[in-house]
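Here the structure is a predicted model, which means the values were calculated and not measured. We count residues from 1, following the sequence as given. All heavy atoms count here, side chains included; hydrogens, waters and symmetry mates do not.
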Amino acid sequence: MADVDDGADESRGDPLIVGRDVPPLAGDVPHSARMWDFWLGGKDHYAVDRRAGETAREAYPGIVDIARTSRALLGRVVHHLVDEAGIRQFLDVGTGLPTADNTHQIAQRAAPESRIVYVDNDPLVLTHARTLLTGTPEGATDYLHADMHDPGTILEGAARTLDLSRPVGLIMFGIVGHVAEHAEALSIVRSLMGGLSSGSHLAIYTGTDGDPALVEAERLVGEHGGTPYRLSNRAQVEELFSGLELVDPGVVPGTRWRPAGTVTDSPADIASLCGLARKP
């Protein structure tokens, strides 16, 4: 993959690096995006990610259900935003590694003119970014290698592809827990939403502390050098949507947000929460 810089030409379809230089690939340290790929049955991970991922899965087998719930939920949320809310622009922060039915694929099937910007800070995700840049000719996709702790830089980079004066769907799935303190996560969410227009929507999916077994699994991942993940409680998740208008059914487990069919019991029922809200 060719080197890119802050002046990358949009017509060339190169990813944009903002805020910092790209660190080297770290194959000796587990990373959440690659562990997520392992749980989803992907192939883009290292042995160290498999070891940490297997440690978590042994401690809490339901982690795989939580990962799969996230992918299914993404499809339902994006379809709602396109079909019912009329959203045609998406900012997906904490993209992870490309897999089936990424945000741009879901959105552009329904509305080919949709424009999507992905954001992640894992160098391995950057090496696969071209997979995320193959959208419809009517729309646009872009990738920012950036850190969510710098929302101002993300918004500046996103404006390269998106018109921030028009509504945007902000997707933050499995990412707010990577911020060590809830207060900081709340500040990041508010800063990102503050840079988006009225009519924009915020979608969040995160793990919660409702199951002690998941709490223990996350502790073990941290002991094995994995990226720490802070599990939220319900009040914290609800606060992330403060000042916004929640879309029915509100803050619920990932499996219970507008399910397509019959819902069976899942570990995600007690260990995950999600929501979608509109900026007035």
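- In this structure the side chain of Val117 reaches within 4.5 angstrom of the side chain of Leu144, judged on heavy atoms.
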Requested in this report: Report the C-alpha separation of Phe173 and Asp92 in whole Å, then their side-chain angles, then the decisive distance to 0.1 Å, and conclude whether the side chain to side chain contact (heavy atoms under 4.5 Å, CB included) test is met.
Outcome: CA-CA 8 Å; Phe173 274 29; Asp92 189 331; over 6 Å; no
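- Side-chain contact between Tyr60 and Glu218 is absent, with no heavy atoms from C-beta onward closer than 4.5 Å.
- For the pair Leu74 and Thr103, the minimum side-chain heavy-atom distance is below 4.5 Å.
- Both Ile63 and Leu231 are part of a single hydrophobic cluster, where members link through side-chain heavy atoms under 4.5 Å apart.
- Within a 6.0 Å radius of CZ in Arg166, other residues, nucleotides and ligands contribute 12 heavy atoms or fewer.
- Heavy atoms only, all atoms of each residue included: Ala159 and Leu164 are closest at CB-CD1, 4.1 Å.
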Requested in this report: Take Arg51 and Glu54 through the test salt bridge (charged side-chain N to carboxylate O under 4.0 Å, His left out) and record every step on the way to the result.
Outcome: CA-CA 5 Å; Arg51 287 194 295 271; Glu54 192 57 47; over 6 Å; no
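- Checked by atom type and distance alone, the side chain of Arg88 never pairs as donor or acceptor with a backbone atom of Ala107 at under 3.5 Å.
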Requested in this report: Evaluate side chain to side chain contact (heavy atoms under 4.5 Å, CB included) for Glu239 paired with Leu186, printing each intermediate quantity in order.
Outcome: CA-CA 8 Å; Glu239 189 177 16; Leu186 182 61; 3.4 Å; yes
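- Of the possible donor and acceptor atoms, one in the side chain of Gln105 sits under 3.5 Å from a partner among the backbone N and O of Asn102.
- Heavy-atom minimum distance, Pro151 versus Ile188: CB-O, 4.3 Å.
- Side-chain contact between Leu273 and Val237 is present, with at least one heavy-atom pair separated by less than 4.5 Å.
- Between Trp257 and Gly250, the shortest heavy-atom contact is CD1-O, 3.9 Å.
- Once rounded to the nearest 0.5 Å, the distance linking CG of Leu91 with CG of Leu155 reads 7.0 Å.
- Residues Tyr229 and His178 bring their aromatic ring centres within 6.0 Å.
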Report task. Before giving the answer on side chain to side chain contact (heavy atoms under 4.5 Å, CB included), spell out for Met148 and Ile175 the whole-Å C-alpha distance, their side-chain angles and the decisive distance to 0.1 Å. Result -> CA-CA 9 Å; Met148 69 172 167; Ile175 190 68; 3.3 Å; yes
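- The closest donor-acceptor contact from the side chain of Ser272 to the backbone of Gly254 lies under 3.5 Å.
- Between Gln236 and Arg230 there is a side-chain heavy-atom pair separated by less than 4.5 Å.
- Between the Tyr118 side chain and the Gly94 main chain, no donor and acceptor come within less than 3.5 Å of each other.
- Counting heavy atoms from C-beta outward, Cys274 and Leu73 have side chains that approach closer than 4.5 Å.
- Counting heavy-atom neighbours within 6.0 Å of Glu84 CD, excluding the residue itself, gives a total above 12.
- Here Leu244 contributes atom CG and Leu246 contributes atom CG; the two are 7.5 Å apart, rounded to the nearest 0.5 Å.
- Under the 3.5 Å distance criterion, the side-chain polar atoms of Gln108 are matched with a main-chain donor or acceptor of Thr136.
- Taking 4.5 Å as the limit, some side-chain heavy atom of Met172 sits within range of a side-chain heavy atom of Leu170.
- Atom CG of residue Leu126 and atom OH of residue Tyr143 lie 5.5 Å apart, to the nearest 0.5 angstrom.
- Proximity of a side-chain donor or acceptor of Arg76 to a complementary backbone N or O of Arg258 within less than 3.5 Å is detected.
- Looking only at distances, no side-chain donor or acceptor of Asp150 sits under 3.5 Å from a matching main-chain atom of Asp147.
- Ring geometry for His80 against His201 counts as perpendicular: the plane angle is over 60°, on a 0 to 90° scale with 30° as the lower cut.
- Using a distance-only test at 3.5 Å, with no hydrogens or angles considered, a donor-acceptor pair links the side chain of Thr95 to the main chain of Val119.
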Query raised in the report: For Asp265 and Arg256, what are the C-alpha separation, side-chain angles and deciding distance, and is it a salt bridge (charged side-chain N to carboxylate O under 4.0 Å, His left out)?
Result: CA-CA 10 Å; Asp265 291 340; Arg256 307 290 166 170; 3.7 Å; yes
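- Within the 4.5 Å cutoff, side-chain heavy atoms of Asp101 are placed close to those of Arg109.
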Report task. Begin with the C-alpha distance, continue with both residues' side-chain angles, and end with the deciding distance and a verdict on side-chain hydrogen bond (donor to acceptor under 3.5 Å, both in side chains) for Ser266 and Asp65. Result -> CA-CA 7 Å; Ser266 163; Asp65 293 289; 4.7 Å; no
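- The line from CD of Gln89 to CG of Leu162 is 5.0 Å long, rounded to the nearest 0.5 Å.
- The closest donor-acceptor contact from the side chain of Tyr205 to the backbone of Ile66 lies under 3.5 Å.
- The minimum heavy-atom distance linking Ala146 with Ile154 is given by the pair CB-CG1, 4.1 Å.
- Minimum interatomic distance between Asp211 and Ala271 (heavy atoms only, all atoms of both residues): CB-CB, 4.4 Å.
- Of all the heavy atoms in Thr161 and Ala140, the pair that sits closest is CG2-CB, 4.1 Å.
- In this structure, Glu184 CD and Ser191 OG are separated by 10.0 Å, a value rounded to the nearest 0.5 Å.
- Note: Ser114 OG to Ile87 CD1 = 9.5 Å, rounded to the nearest 0.5 Å.
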Requested in this report: Using the side chain to side chain contact (heavy atoms under 4.5 Å, CB included) rule, take Val251 and Arg234 through it: C-alpha gap first, then chi angles, then the decisive distance, then the call.
Outcome: CA-CA 8 Å; Val251 176; Arg234 172 173 283 276; 3.8 Å; yes
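- A side-chain donor-acceptor contact under 3.5 Å links Lys279 to the backbone of Leu196.
- Under the 4.5 Å side-chain heavy-atom criterion for Ile, Leu, Val, Met, Phe, Trp and Tyr, Val215 and Val64 are members of the same hydrophobic cluster.
- With 3.5 Å as the limit, one finds a donor-acceptor pair spanning the side chains of Ser242 and Arg190.
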